Structures are given as structure tokens and as C-alpha cells.
Amino acid sequence: MIVTKHAENRIKERCGLGKKSFQRAAEKALTEGIPHSQTKGKLNKWITSLYFNGSKANNIRLYGDKAYIFHDQTLVTVIQIPHSLVKGLKKMVKS
């Protein structure tokens, strides 16, 4: 798995993780994160818009309150999920 320089900066900025945690965070998001196909409602629409707006994004995973955007096995960036959608995400995780 490759973590781009841009993704490293975003993980540091948005997740508050140190340099040694970048690879581990990306792997955990890819393996344990919620894929686009398992979402529904407004959350699904938001992820779909991310997919079509990012030309390289072909694998978006939701983990915690962040969206990890991958191109194959390369982490491209990390985006904060809007607060209004986090509640729906927590309900999906419980069920």
C-alpha cells in the first residue's frame, strides 16, 4: 500500500496522527472501513459525489468520521465526513 505525500499531510492535519501511523491508518481504513456499496441515503449521495468529482478515486472507505479516498491500493487523501452525515454513519455501524 502506498500513501501519497498529500495523504500524509491530510492524515497529520485532520486525524492528528504521527508519521509512523500513516501506513497503519491507511491499511486499517482499507480493511475495516465501510465501502460505498454498503451506504444508503444522504451518505451514499455524498460519497457518490466524491467519486465523480475525484477523477482518480475508485475506492472510498469510511472509517471513524473520515472518508479515505483510494486509487486502487494508493491512499490519495482523507476528508472529514460532514457532521450532519456522521449520525447516519454511526447508525449503520451499529446495525
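Side-chain atoms are counted along with the backbone in the values below, which use heavy atoms only and exclude waters and symmetry mates. Computed from a prediction, not measured in an experiment: that's the story for all the values here.
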Report task. Would you kindly confirm whether I69 and L43 end up in one hydrophobic cluster when ILVMFWY residues are joined by side chain heavy atoms under 4.5 Å apart? Result -> yes
Query raised in the report: Is there a chain of hydrophobic side chains (I, L, V, M, F, W, Y, each step under 4.5 Å between heavy atoms) that links L30 to Y51?
Result: no
Give every donor-acceptor pair under 3.5 Å between a side-chain atom in residues 75-84 and any protein atom, sequence neighbours left out.
from	atom 1	to	atom 2	distance (Å)
T77	OG1	H6	NE2	3.2
Q80	OE1	K66	NZ	2.9
Q80	NE2	D65	O	3.1
Q80	NE2	D65	OD2	3.1

**Report entry** I60-V3 co-clustered via ILVMFWY side chain contacts under 4.5 Å
**Finding:** no
Report summary line: Output for pair (R61 CZ, K28 NZ), nearest 0.5 Å, gives 15.0 Å
**Report entry** Qualifying salt bridge (charged side-chain N to carboxylate O under 4.0 Å, His left out) pairs, either residue in residues 9-25, two or more places apart
**Finding:** R10-E13
**Report entry** Pairing residues for N9 by the side-chain hydrogen bond (donor to acceptor under 3.5 Å, both in side chains) criterion, not counting sequence neighbours
**Finding:** none
Report task. Identify the two heavy atoms, one from G33 and one from P35, that lie closest to each other, and give their separation to 0.1 Å. Result -> O-CD, 3.4 Å
Report summary line: The side chain to side chain contact (heavy atoms under 4.5 Å, CB included) partners of L17 (sequence neighbours excluded) come to I11, C15, S21, A25
Requested in this report: Would you confirm whether Q23, through its side chain, and M1, through its main-chain N or O, come within 3.5 Å as a donor-acceptor pair?
Outcome: yes
Report summary line: Residue set satisfying salt bridge (Lys or Arg N to Asp or Glu O under 4.0 Å) with K5, at least two apart, ordered chain then number -> E8
Query raised in the report: Can you list the residues that meet the side-chain hydrogen bond (donor to acceptor under 3.5 Å, both in side chains) rule with Q73, with sequence neighbours excluded?
Result: none
Report summary line: T48 meets the side-chain hydrogen bond (donor to acceptor under 3.5 Å, both in side chains) criterion, sequence neighbours left out, with H36, N44
**Report entry** Verify same cluster id: Y63, L89 (apolar side-chain graph, 4.5 Å)
**Finding:** no
Query - hydrophobic_cluster_shared for F22 and Y68, side chain cutoff 4.5 Å - result: yes
Report task. State which residues pass side-chain hydrogen bond (donor to acceptor under 3.5 Å, both in side chains) with E32; sequence neighbours excluded, sorted by chain then number. Result -> none
